[in-house]
Amino acid sequence: MKNQQIAALFNEIASLLEIKGENPFRIRAYQRAAVNIGGLTQDVAAMADEELRSIPGIGPDLVGRIREFLGEERVALHEDLKKEIPAGLLDILRVPGVGPKTVKTLYEKAEVRGLDDLETLIREGNLAGLPGIQRKAEENIRKGIEMLHRGRERNPLGKAMPIADDIVRKLRAKTPLGRIAVAGSIRRWKETVKDIDLLATSARPEKVMKVFTSLPVVREVLEHGTKKTSILTAEGIQVDLRVVAESSFGAALQHFTGSKEHNIKLREMARRIGLKINEYGIFRENDEMRIGGRREGEIYTALGLPFIPPELREDGGEIEAGSEGALPRLLTVEEIRGDLHVHTRWSDGGHDLDVLVQAAKKKGYQYIAITDHSKGLGIAHGLDERRLRDQIALIDETNRTLTGFRILKGVEVDIRGDGTLDLPDGVLGELDIVVASIHSGFRQSREKITARLLSAVRNPLVGVIAHPTGRLLGERDPYDVDMEAVFREAAARGVAMEINAHPARLDLSDHHVRMAKRYRIPLVISTDAHVNGDFDYMEYGVATARRGWAVPGDVLNTLPCSSLLKRLRSGRNREVRSLGRKT
DNA sequence: GCCGTTTTCGGCCCGACTGTTTTCAGTCG
């Protein structure tokens, strides 16, 4: 699938055009096209011209560029731009605080052709003095380069969310606040976030901002105003706090929750019916009459839309679905009835059955599946056949003491390098649920990895593929795998794909969830809990499912225990029957 | 470069903060 490559190409074209000082709307057109192609679940290579045209922001020219890229792996416009503009200028454009105009000045007035040149210029004290650049600007650029070198522009949601919650708690305790909320991509539960957006109301904004800038987590104050103040935390995450009037809180929450693309589309919609939206409210254009803004829902109501859950606000068709009354009724965390991927001290978990059962009951669950590692994972003290049988016996015994709750017998069996499973079918057949996953050979070729997963999916005893792409956010890229092939096979055999809710994984990703839905693949959402507190990660998994437009019916662990077991067994029987006919 | 129940041409979301200006440009979200 070349979608991501095309999206990256269009973004690069946009940046090059920016540096050239081209028509901003042409630039936006390329950026918009990049976002929409990047978010597509279908392969553009498999789409007809008419289908391509139906993608928002793709017109005749861009269809041509897409075709050109698919055919020749390159685009003439892009090649021409690269001849004209040194590639190093794109790096400079990535420096926070440096935009296209500055890049152009640097190139034209100081012959800067890349980051190295720029750093030399600063070291030799020749930056300040260029048009529009004095001492402060030089200092900001220097800091921007430092920030870029530190890298990690985006932070995993699991890291940002607790920091945001902590700051909110402190501000609540120490300042005269009315309301306060976390907005931005955190509120949309995006898997990585660039910064933390906070929104508050207060009669005394100066006081709030003063306390904010002097919180212990603050390493540096980036901007200090009465409406907006930005700081950098010790961890290097930027936090923006905005204080707005009570009457604008809803509009501001809508505005700062984004996404940008979602908001642009809403505003275009508003304009067409004579309305104007900004972060202070929604207004009639002709007489500036305010028609809403205190509550977030008023913005949507004024446009004739239902409330759109933040997780869907990516301009991924949610506005169109809303106007047609076709928004999905998204899954909620309360509908989850159990966790199907849990480790104990038998392998690398931290707790025994009783502690985990307690914690699961406290979450209101009806069941959990114990899925310790198999023997191939020596480092995790994985179970061999004998120990797994011992655990099965222990679970049976424990279940007899429980009422209204059931422990499912399971395993997280390793898919070995050659695609075989790490335990024989005999013992796997004694379990309620077999979860299979890859823990080694991440660098194998696309063909090999795909074949491994396919062979696991084809084993009739396997019910779930866990963390299907193997990624660790910000640490390890997903392995190279043909997910469409895996999804096709899983759909044919009714094998479920896991949304691993651990914030370090979120695997499947939201994007893959949407793709899985297209293939009508059953999903499960599991935390991969290693200690009892990990059960709380379920919220991240459900949010990821919601971002993928999942409804309760898509997710197996919304089922009551008996239905779930029936469902898991039916997969096996169907396969066994068809095998039986052949022989 | 896209797009159209006002338009096939002339629009294209909107505002805050900073720094360098002495009324605004650049950047960001």
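So that the names make sense, note that chain A is the first sequence line, chain B the second, and so on, each numbered from 1.
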Inter-nucleotide [atom1] distance ([N], [M]), Å rounded:
{"N": "B/dT23", "M": "B/dC28", "atom1": "P", "value": "25 Å"}
{"N": "B/dT27", "M": "B/dT21", "atom1": "P", "value": "15 Å"}
{"N": "B/dC12", "M": "B/dT8", "atom1": "C1'", "value": "15 Å"}
{"N": "B/dG10", "M": "B/dG15", "atom1": "C1'", "value": "24 Å"}
{"N": "B/dT20", "M": "B/dC14", "atom1": "C1'", "value": "24 Å"}
{"N": "B/dC2", "M": "B/dT6", "atom1": "P", "value": "23 Å"}

Worksheet item: Closest nucleotide of DNA chain B for A/Thr226 versus for A/Ile55: which of these residues is on the 5' side?
Response: A/Ile55

Discussion item. Go nucleotide by nucleotide along DNA chain B from the 5' end; which of A/Ala137 and A/Tyr30 gets its closest nucleotide reached first?
Written reply: A/Tyr30

Worksheet item: Of the options A/Glu314, A/His511, A/Glu191, which is the one that meets A/Arg547 in a side chain to side chain donor-acceptor pair (under 3.5 Å)?
Response: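 Of the listed residues A/Glu314, A/His511, A/Glu191, the side chain to side chain donor-acceptor pair (under 3.5 Å) partner of A/Arg547 is A/Glu314.
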
Item to complete: Using modelled atom types only, decide if a donor and an acceptor are shared between the side chain of A/Thr257 and the backbone of A/Ala183 within a distance under 3.5 Å.
Response: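 Side chain of A/Thr257 to backbone of A/Ala183: no pair is present.
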
Worksheet item: Do side-chain atoms of A/Arg187 reach the backbone of A/Pro310 as a donor and acceptor pair under 3.5 angstrom?
Response: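 Absent.
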
Fill in: Under 4.0 Å protein heavy-atom contacts per nucleotide of nucleotides 23-29 of chain B, with B for base, S for backbone only and - for none
---SSSS

Fill in: Protein proximity profile, nucleotides 5-11 of chain B - base contact B, sugar-phosphate-only contact S, no contact -, cut-off 4.0 Å on heavy atoms
-------

Just checking [X]: base, sugar-phosphate only, or nothing, at a heavy-atom cut-off of under 4.0 Å?
{"X": "A/Lys265", "value": "nothing"}
{"X": "A/Arg53", "value": "nothing"}
{"X": "A/Ile277", "value": "sugar-phosphate"}

Worksheet item: Hey, does A/Leu253 have a side-chain heavy atom less than 4.5 Å from the side chain of A/Arg295?
Response: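 No - every pair of side-chain heavy atoms lies 4.5 Å or more apart.
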
Nearest to the [X] side chain among [options], which nucleotide is it?
{"X": "A/Ala29", "options": "B/dC14, B/dG19, B/dG1", "answer": "B/dG1"}
{"X": "A/Arg28", "options": "B/dC17, B/dT21, B/dC12", "answer": "B/dC12"}
{"X": "A/Lys276", "options": "B/dG1, B/dA16, B/dG15", "answer": "B/dG15"}

Would you kindly give the [atom1]-to-[atom2] distance between [X] and [N], to the nearest whole Å?
{"X": "A/Lys136", "N": "B/dT21", "atom1": "NZ", "atom2": "C1'", "result": "16 Å"}
{"X": "A/Arg142", "N": "B/dT18", "atom1": "CZ", "atom2": "C1'", "result": "17 Å"}
{"X": "A/Met269", "N": "B/dG4", "atom1": "CE", "atom2": "P", "result": "13 Å"}

Worksheet entry | Pair A/Glu235 + A/Arg219: basic N to acidic O under 4.0 Å | no

Worksheet item: In terms of the angle between their ring planes, are A/His262 and A/Tyr300 parallel, tilted or perpendicular, with boundaries placed at 30° and 60°?
Response: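 Answer is tilted, since the angle falls between 30° and 60°.
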
Worksheet item: Think A/Arg32 has a side-chain N or O under 4.0 angstrom from the OP1 or OP2 of B/dC12?
Response: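 Answer is no, no contact under 4.0 Å.
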
Worksheet entry | Base-pairing assignment for B/dT8 (Watson-Crick or G-U wobble, both under 3.5 Å) | none

Worksheet item: When rounded to the nearest 0.5 angstrom, what distance separates CG in A/Leu198 from CD1 in A/Ile186?
Response: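 Going from CG on A/Leu198 over to CD1 on A/Ile186, the span is 7.5 Å.
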
Discussion item. Can you confirm whether more than 12 heavy atoms, excluding those of A/Glu50, are under 6.0 Å from its CD atom?
Written reply: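 It does not: A/Glu50 CD has 12 such atoms or fewer within range.
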
Fill in: Candidate pair A/Glu296 and A/Arg313, rule salt bridge (Lys or Arg N to Asp or Glu O under 4.0 Å), full reasoning
CA-CA 13 Å; A/Glu296 188 179 36; A/Arg313 300 182 193 171; 2.8 Å; yes

Worksheet item: Does B/dT21 adopt a syn or an anti glycosidic conformation, taking syn as a chi angle within 90° of 0?
Response: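 B/dT21: anti glycosidic orientation.
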
